Structures are given as C-alpha cells and as structure tokens.
Peer 1: 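One structure, as structure tokens, below. Some questions next.
Bear in mind that the values here come from a model prediction, so they are computed numbers and not experimental data. Counting starts at 1 for both ligands and their atoms, in listed order.
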Amino acid sequence: MPAAGTADLVIVANRLPVDRVTLADGSPGWRTSPGGLVTAIEPVLRANDGVWVGWPGGTEQDLQPFEFDGLSLVPMTMSAEEVKDFYEGFSNGTLWPLYHDVVAKPEFHREWWDAYVGVNQRFAEKAAELASEGATVWVHDYQLQLVPQILRSLRPDLRIGFYLHIPFPPAELFQQLPWRRQILEGLLGADLVGFQMNGGAQNFVRLVRQRVGHKTHRDLVYLPDGRTVKAAAFPISIDAKGFEELARSEQVEKRAETIRDALGSPRKVFLGVDRLDYTKGIYARLRAFSELIIDGHFDVEDAVFVQVATPSREQVEQYRILRDEIDRLVGHINGDLGRIGRPAISYLHSSYPREEMAALYRAADIMVVTPYRDGMNLVAKEYVATRYEDDGALVLSEFAGAADELRQAWLVNPYDINGMKTALLEAYAADERERGRRMKAMRKTVLQHDVAAWADAFLLELAAARGAHGKTVRPAKRS
Ligand code: ADP
Ligand code: F6P
C-alpha cells in the first residue's frame with residue numbers, strides 16, 4: 001500500500017471492487033461488488049500501479065487500507081445517516097432516476113444534497129492525501145460529481161479525469177435539479193469529462209454554456225481561470241478476450257451443458273441478467289415472453305427463460321416495490337404456464353463468479369437485454385464475447401448505449417410489448433446463417449473495442465489535456 005502522497009494513479013469510485021460481507025461462519029469477509037463500473041475498472045487498475053479509493057458497503061468503521069487479489073484498496077467509511085442520505089437518497093433517489101430519463105420520479109431533498117456535498121468532500125480529501133505530485137486521479141460516476149472541483153482546489157498540481165458510467169440527461173430533464181449549477185461546476189474541476197455517448201457530452205457542454213455561462217467551442221469549455229475542459233464520449237467495454245477464453249475453457253463448457261440439462265434440455269434457452277433495477281425493463285420482457293407461450297408460439301417444453309436478477313439498493317423504496325412486483329409476476333407466470341419440473345421462468349437472485357456467468361451465457365440461445373435507459377450495458381457485450389462460434393442471438397433495447405455499437409442485434413423498443421414479442425420470436429426462429437451473420441459482426445466490434453482500448457483512449461486524452469488556453473473569457477455569470 002503506497003504511503004500518503006505516493007500514488008501515481010488514484011481511482012476514486014463510490015464502490016470498491018469488493019463488498020464487506022459476513023461469511024457463513026460469522027466472520028467478516030469480502031465479495032465482488034455487482035455492476036458495470038467494477039467490471040470495467042478492475043483490469044485498468046491491474047495494468048497500472050495505483051490505488052482504488054471507495055466504499056465497501058455497510059457502516060463498519062475503522063477499516064484500514066488493504067490488498068485484495070493484488071489490488072491496493074483504500075476503504076472509505078460511511079455512517080448510517082450517510083448511507084441513507086448520500087447513497088440511497090441523493091445518489092439513487094435523486095440522480096439515478098433523473099439521469100435515466102425519469103423512468104421513476106426523482107425526489108429532491110435538501111438534507112440529501114447536504115450529505116452528498118459532505119461525502120464528496122471526504123472522498124476528495126482522501127484522494128488529495130494519497131496522490132503523488134502531478135499524479136493522475138480518475139474519478140468515477142454520478143455519486144462523486146463534486147469531487148473534481150474540490151480536489152482541484154486542494155491539489156491544483158493533479159491531472160483530474162472524470163467518467164460518467166450512466167447517461168447524462170438532456171437539459172430539459174437536468175434542469176429540474178435544484179443544484180444543477182453546483183453539479184456542473186463540480187465536474188468542471190476535471191481536465192477531461194468522459195461520457196458513454198456523444199449525446200451526453202453534447203448535453204453537458206450545452207448546459208455549461210447555458211447555465212454557467214462559460215465560453216464553449218465544440219467539445220471544449222474555456223474557464224475564466226485559464227483552464228480548458230474537454231468533454232468527450234468514450235463508450236465503455238469489457239475484457240472481451242478474457243471472457244472468450246473463459247468461455248472456451250472445458251470447465252465452462254461442461255458447466256453450460258449441466259445448466260441446460262438441469263433446465264430439462266429445452267430447445268431454446270432465453271436469458272436475462274441484470275441488477276434488480278427498474279431501468280432494466282425486466283417486468284416487460286418477462287410479460288412479452290409469457291405472452292408468446294399463451295399465444296401458442298412455443299411451449300414450456302420448447303423454451304425456458306432464465307432470469308438472473310441480483311438484488312440491488314434494497315433499502316430504496318422503488319427497488320423494494322420492483323422486487324415484489326417481479327416476484328409476483330414470476331409466481332403468476334409459473335403458476336399459470338409451468339408444468340411439474342418445467343417452470344416457464346427460472347428466476348434466480350444469486351450473485352455468481354465470472355466462470356458461472358460465462359457458463360450461463362454459453363447455455364443461452366437468446367440473450368434478452370431490454371432496459372428503458374442504460375449508459376452502456378456490459379451484459380450484452382459479455383454475451384457476445386462468449387459466443388466464439390458465432391452463434392446465439394441478442395435482443396437489445398435501442399435505449400441501451402450498447403445499441404450504438406451492436407447494430408446487428410434484434411433491436412427493440414422496450415415500451416412496445418408487441419414489438420418485443422416479434423423480436424423475441426424472430427430471434428427464436430432465426431436460422432443458423434442469420435444468427436451467425438449478426439453475431440460475427442457484433443463479435444468483431446466487441447473484440448476490437450475492449451475495456452483496455454477504452455481505458456487507453458481516456459487516459460491518453462487525459463495525458464494530452466490542454467494547459468492554459470490563453471483566451472480572454474468572461475467570468476461565469478451567477479444565476
Ligand atoms: P449495471 O452497471 O447497471 O449493473 P451492466 O450490464 O453494465 O449494468 O453491468 C453489470 C455487470 O455486473 C456485468 O459485468 C455483469 O456480468 C455483472 N453481473 C450482473 N449480474 C450478476 C450476477 N448475478 N452475478 C455476478 N455478476 C453479475
Ligand atoms: O454502472 C452503474 C452503477 O450504478 C455503478 O455506479 C455502481 O457501482 C453499480 O452500477 C452498482 O450499483 P451500486 O453501487 O449502487 O450497488
């Protein structure tokens with residue numbers, strides 16, 4: 001573990017790659033945290049000699065920096081009040097729904113905002129303490145949008161990058177936020193602000209011009225203090241080769257066969273893998289699938305739907321409601337359509353190691369990814385990476401960032417249940433040639449644009465970050 005002031009790369013994210021859990025024997029241990037952010041950053045930290053500052057979940061205090069599986073981790077503690085107001089409140093009750101097209105209604109509470117400011121301050125102070133002179137600090141995601149500005153004021157020598165893993169909303173939605181100006185100014189502390197899509201970068205620059213009044217030109221913002229901030233898209237990806245290698249292993253192939261046997265060897269296996277989140281469109285996709293059985297297109301002997309749904313943010317009311325709704329729907333569908341030993345939907349809440357995920361992908365003929373809005377969706381890319389025989393079919397929402405790259409998927413509008421039914425049926429019935437043609441093209445994209453290429457592109461751009469712009473710009477107007 002580097003001493004204070006010695007790390008050349010500091011990753012700052014709300015989550016550490018591991019969560020504090022109580023093991024079966026009652027002792028404390030660690031478990032891989034769920035979500036796309038961890039999947040993407042872990043290989044980057046492995047390739048560089050850096051530290052990762054983040055929260056290990058829970059409210060345990062006095063956690064010390066530690067090494068885990070070769071990674072240097074610096075745990076940030078959180079009080080029960082901060083978990084409630086910062087994590088469940090402002091991060092996941094305000095920003096998450098606001099940034100995902102207001103799929104659920106965001107709540108605005110001043111005490112949540114105060115907690116957000118306080119936690120961002122602490123994360124920034126920790127990064128300032130660990131970073132060496134002139135180091136690179138890479139801040140991640142919507143929970144920490146104020147860190148760049150606070151860190152800049154503490155350590156002007158640092159090169160600061162920020163990456164948003166979720167969509168950045170259009171001005172029409174963002175401006176609902178009572179603290180919109182503070183968030184924009186927080187992000188402007190970075191030299192480079194990265195987004196999943198071009199649209200997000202454009203939304204940001206437009207908002208900075210309109211709401212903060214800074215001069216902008218294309219993807220650049222000129223600040224009165226002489227700094228230039230760049231906003232650009234860097235679509236995130238996965239360790240595609242690693243997933244393919246895993247998929248090719250004998251152990252995973254065998255496990256995939258066992259999974260299919262355990263499902264009763266149906267002709268086709270449909271698969272969904274998501275955090276249990278209302279943005280993911282789980283309810284609508286299961287309804288679409290069940291209606292295909294009701295309409296007589298196929299039978300439970302022909303097809304089964306495996307839905308893996310890891311519980312997430314369980315203390316947030318909307319997530320609890322969603323879990324109950326899906327539990328009820330699955331019970332209903334299986335009660336009405338299942339037969340003994342043949343449920344229509346095989347529903348699992350478990351969290352799995354990578355090998356098991358790869359085996360699930362290998363066991364699935366049709367991967368169904370139908371979010372109402374998603375920054376990228378790494379599950380879609382993971383599935384594609386494991387289909388090394390150019391087989392399998394991907395049904396993908398047009399509203400997932402991944403749809404921009406995976407154009408050969410069966411693209412669907414998740415709000416249109418009939419449209420989804422048609423796409424599921426087409427993917428089910430597609431011949432080998434059609435599936436192969438589509439998968440081959442998608443695999444080429446995913447293997448070429450992997451997580452290493454994503455991180456290299458971001459870090460290279462950050463290293464090239466412009467110095468003083470030397471332009472005369474007016475000071476920001478106060479609103
Ligand atoms: P999000 O970041 O919103 O959760 P993504 O699809 O981008 O969505 O990323 C999810 C990541 O979490 C993927 O890498 C996926 O493999 C992993 N994951 C999802 N569900 C599970 C699970 N049940 N067990 C293990 N890993 C999971
Ligand atoms: O990728 C989106 C994301 O929200 C990450 O920021 C987060 O780490 C992950 O999904 C899982 O969510 P949480 O950290 O709230 O469990």
Peer 1: Distance under 6.0 Å and angle within 45° of the ring axis: does R285 meet both against F305?
Peer 2: no

Peer 1: Give yes or no for whether the N/O distance cutoff of 3.5 Å, strictly under, is met between D141 and ligand 2.
Peer 2: yes

Peer 1: Grab the two heavy atoms, one from Y361 and one from F243, that are nearest each other, plus how far apart they are.
Peer 2: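 Heavy atoms of Y361 and F243 come nearest at CE1-CE2, 4.0 Å.
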
Peer 1: Please report whether ligand 2 has a polar contact with Y87, defined as an N or O pair separated by less than 3.5 Å (distance criterion only).
Peer 2: yes

Peer 1: Work out whether the distance between some heavy atom of Q143 and some atom of ligand 2 is less than 4.0 Å.
Peer 2: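 True for this residue.
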
Peer 1: Can you check whether L378 has an N/O within less than 3.5 Å of an N/O in ligand 1?
Peer 2: yes

Peer 1: Minimum heavy-atom separation for R275 and I282, please, with both atom names.
Peer 2: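 For R275 and I282, the tightest heavy-atom pair comes out as O-CD1, 4.0 Å.
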
Peer 1: Hey, looking at atom 4 (O) of ligand 2, which of R15, R313, M376, R275 has the closest heavy atom?
Peer 2: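 That would be R313.
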
Peer 1: Answer side chain, backbone, both or neither: which part of D277 comes under 4.0 Å from ligand 1, heavy atoms only.
Peer 2: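 Contact part for D277 vs ligand 1: neither.
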
Peer 1: Does the N or O separation between V273 and ligand 1 drop below 3.5 Å for any pair?
Peer 2: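 For ligand 1, there is no N or O atom that lies under 3.5 Å from one belonging to V273.
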
Peer 1: Applying a heavy-atom cut-off of 4.0 Å, say which part of N377 lies close to ligand 1: side chain, backbone, both or neither.
Peer 2: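 Both parts.
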
Peer 1: Please work out, at 4.0 Å between heavy atoms, whether the side chain, the backbone, both, or neither of K280 comes within that distance of ligand 1.
Peer 2: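 Side chain only.
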
Peer 1: Below 3.5 Å, N or O to N or O, backbone or side chain included: is there any such pair between T310 and ligand 1?
Peer 2: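 Between T310 and ligand 1, an N or O pair is found under 3.5 Å apart.
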
Peer 1: Could you tell me whether S350 approaches ligand 1 through its side chain, its backbone, both or neither, with non-hydrogen atoms closer than 4.0 Å?
Peer 2: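 Backbone only.
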
Peer 1: Would you please indicate yes or no on a ring centroid separation below 6.0 angstrom for F174 and F168?
Peer 2: yes

Peer 1: Just to be sure I read this right, does ligand 1 sit under 4.0 Å from the backbone of Y361, its side chain, both, or neither, counting only heavy atoms?
Peer 2: side chain

Peer 1: Which part of R354 is near ligand 1, with near meaning a heavy atom under 4.0 Å away: side chain, backbone, both or neither?
Peer 2: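 Under 4.0 Å from ligand 1, R354 contributes no heavy atoms.
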
Peer 1: Does T94 use its side chain to pair, donor to acceptor, with the backbone of S91 at less than 3.5 Å?
Peer 2: no

Peer 1: So is P353 in contact with ligand 1, going by heavy-atom distances below 4.0 Å?
Peer 2: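 Judged by the 4.0 Å heavy-atom criterion, P353 does not count as contacting ligand 1.
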
Peer 1: Are the aromatic rings of W55 and F123 close, with centres under 6.0 Å apart?
Peer 2: no

Peer 1: Residues in side-chain contact (heavy atoms from CB on, under 4.5 Å) with P178, at least two apart?
Peer 2: F108

Peer 1: R275 near ligand 1, heavy-atom distance under 4.0 Å?
Peer 2: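 Judged by the 4.0 Å heavy-atom criterion, R275 does count as contacting ligand 1.
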
